[in-house]
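Whatever order the structure lists them in is the order used to number ligands and atoms, beginning at 1. None of the values given here were measured: they were computed from a predicted structure. In what follows, residues are counted from 1 in the order of the sequence shown.
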Amino acid sequence: MSIQRLDVIVTSPGRNFVTLKITTSDGIIGWGDGTLNGRELAVASYLRDHVAPTLVGRDESAIEQTWQYLYRSPYWRRGPVTMAAVAAVDMALWDIAAKKAGEPLYKLLGGASRTGLMAYVHASGSTIERLNDAVAGYVDQGFQAVRIQSGVPGLGQIYGVHDAAPGAAYEYEPAGRPATDGSEPAALRPTEETWDTAAYLRHLPSVFAAVREQFGGELRLLHDGHHRMSPIEAAKLAKAIEPYDPFWLEDCTPGEDQAALRLVRQHSVTPLAIGEVFNSVHDYQTLITERLIDYVRSSTTHAGGITGLRQIMTFAGIYGIRSGFHGPTDVSPVGMAANLHLGLAIHNFGIQEYMPHSATALEVFRTSYSVDGGMLHPGETPGLGVELDEQAAAAHEYVPAYLPVNRLRDGSVHDW
Ligand code: EZ4
Ligand code: CO
C-alpha cells in the first residue's frame, strides 16, 4: 500500500487552521495539523508545492523514514514553517497506522502510562477581582490547575488577558484581523500593544498573593511571561513569586537564548517551562542537559509531529524533565489529539494545556477526546480520533489574521 494523494485544507472556522489530508491507495485517510499562527499560508505552500509531490507513491507505514527524509533531504533543516509541515505529514501517517491497526494511537506509542492527563486551563481578568472570579469558575468545574494572567495597572490590552462575561466560557484569541489605515497602496498591519516590564514586575506578586489567599495552597497556579523579560528581570520575578508556590513560570525570557535561564536558576527554585516557539530537540539541548527547565512546552504541531516531540521527550526523560505540551486554540483539534495520545503514552508526562476550541471550530473538526473533572483523555476511537468535515470546512474561507506587535512606551519594538 502507498500514499496516493495529499490535500492541504485551509479553513477558518473562527480562526485559521492548516490541515493535511493523506489518502492511501487502499482508501484510508489520515489527518495532520500544520497550523502556524499568522503564517498559515507559508506552511500550506510548503506542503502543497514542496512536500506533497515527493511523497506520492511512498509506503505510508514508513513513518520514521519519512520523517528523516523530510527533515534531512531539503538541506535547510528546522525552522517553524518546515517543522509544522513535517508535523502535518507525521501526524497523518500515525493516524493512518493506528486506523489500520484498529487502535487508538496511544496504543501504538507503547500504550497508556496513566488513566488520564491533568489539564490546566486559562483564567484571566483585567483586575485581580475578575481574575479570581474566573479561577472560581474553573475550580467549580473540577480543574486542579489554572494559569493566571491579569491586567497591569496603567497598561491596556496585554497578552493573555480577556474578561469573560459572567458565566460565559473564556475564549481568548490573540490573533486578530490586521487593520487597514486607508493608505494607497493599502497597508495591512497587525494590531499594536504597549508594554512596561517594570510595571508588570511590580504588580504580578500581588496577583499570586490574592489568588493564593482566596483558593488556598492546593490549587496549581501557572503563569506565562511570554518571553518579555531580560534574564535578571526574570530572576527577580521567579524569586518574588516563589512564596506563592507556583507550579511553573513559563517563557520568562526570549526562547532562543537558552543560556538566559542559568541566571534565573541561580536565584530561584520556581519551576520553569519553555519551548512553545521551539521546533526541534536541538533547541532544548542546553536547557535539558544543564537542567535549566522543568517542563517542555512544545506541541506536536510545531515540533515535527509525534516523531519530533517524542524525540524531545525521550531526551528530556533521561534528565527527569516532564511534558507541559502547548495546547492553545491555534493548535487544531488534530494537533491537540496528537498531544493527548503522546502524553498518555510517555512516562514523563507532566501536565497538558487545555484551551477549548470554539463551537464553530468543533463543527469542522469532529473530536473524540474528552475532559472530565479536570482530566483529559484522547478517547478510544482508532487513529487520532479527529475527523475533518470537508464540507463544513469549505464554508470558512481563510482570513488574514496576525498576532499583535508589542512596543515599549518609547515606541521601540519589544517581544510580544
Ligand atoms: O501566544 O499560541 O501558552 N500559550 C501561549 C499562546 C501563544 C499562541 C501564539 O500563537 O503563549 O497563547
Ligand atoms: Co505560552
Need the ligand 1 atom indices (1-based, order shown) with element for anything under 4.0 Å from a heavy-atom of [X].
X: Asp224; value: 3 (O), 4 (N), 5 (C), 11 (O)
X: Arg147; value: 3 (O), 4 (N)
X: Arg297; value: 3 (O), 4 (N)
X: Pro328; value: 2 (O)
X: Tyr159; value: 1 (O), 3 (O), 4 (N), 5 (C), 6 (C), 11 (O), 12 (O)
X: Leu403; value: 9 (C), 10 (O)
X: Trp416; value: 1 (O)

When Glu250, Arg147, Gln149 are each screened for side chain to side chain contact (heavy atoms under 4.5 Å, CB included) with Leu222, the one that passes is Arg147
If I apply the N/O under 3.5 Å rule, does Asp330 come out as touching ligand 1?
yes
* Look only at interatomic distance and state if Tyr120 has a nitrogen or oxygen under 3.5 Å from any nitrogen or oxygen of ligand 1. => no
Quiz item: Does the side chain of Arg407 pick up a donor-acceptor pair with the side chain of His414 at under 3.5 Å?
Solution: no
Residue pair His122 / Glu353, side-chain donor-acceptor N/O under 3.5 Å
yes
For this session: Answer yes or no: is there a side-chain heavy-atom contact under 4.5 Å between Arg72 and Arg77?
Result: yes
Result for side-chain hydrogen bond (donor to acceptor under 3.5 Å, both in side chains) between Thr300 and one of Asn339, Asp90, Asp33 points to Asn339
- Item | Mutual orientation of the aromatic rings belonging to Phe315 and Tyr319 [parallel < 30°, tilted 30-60°, perpendicular > 60°] | perpendicular
Should the ring pair His341 and Tyr106 be called parallel, tilted or perpendicular, given that the plane angle runs from 0 to 90° and is split at 30 and 60?
parallel
How far is [atom] from the closest protein heavy atom, and which atom is that?
atom: atom 7 (C) of ligand 1; result: Glu276 OE2, 3.5 Å
atom: atom 1 (O) of ligand 1; result: His226 NE2, 2.8 Å
atom: atom 10 (O) of ligand 1; result: Asn37 ND2, 2.9 Å

**Report entry** Step-by-step salt bridge (Lys or Arg N to Asp or Glu O under 4.0 Å) determination, Glu387 to Lys21
**Finding:** CA-CA 10 Å; Glu387 296 296 320; Lys21 176 189 182 188; over 6 Å; no
**Request:** Output yes when a side-chain donor or acceptor of Asp389 lies under 3.5 Å from a complementary backbone atom of Val364, and no otherwise.
**Result:** no
Exercise for the section: Answer yes or no: is there a donor N or O on one side and an acceptor on the other, between the side chain of Asp283 and the main chain of Glu256, under 3.5 Å? Expected result: no
Taken by chain and residue number, the protein N/O/S atoms under 2.8 Å from the Co ion (ligand 2) read Asp224 OD2, Glu250 OE2, Glu276 OE1
Here the ring pair (Phe, Tyr, Trp, His ring centres under 6.0 Å) pairs for residues 348-373, sequence neighbours left out, are Phe17-His357, Phe17-Phe365
Checking Tyr69, Tyr75, Trp67 against Tyr71 for ring pair (Phe, Tyr, Trp, His ring centres under 6.0 Å), the one that qualifies is Trp67
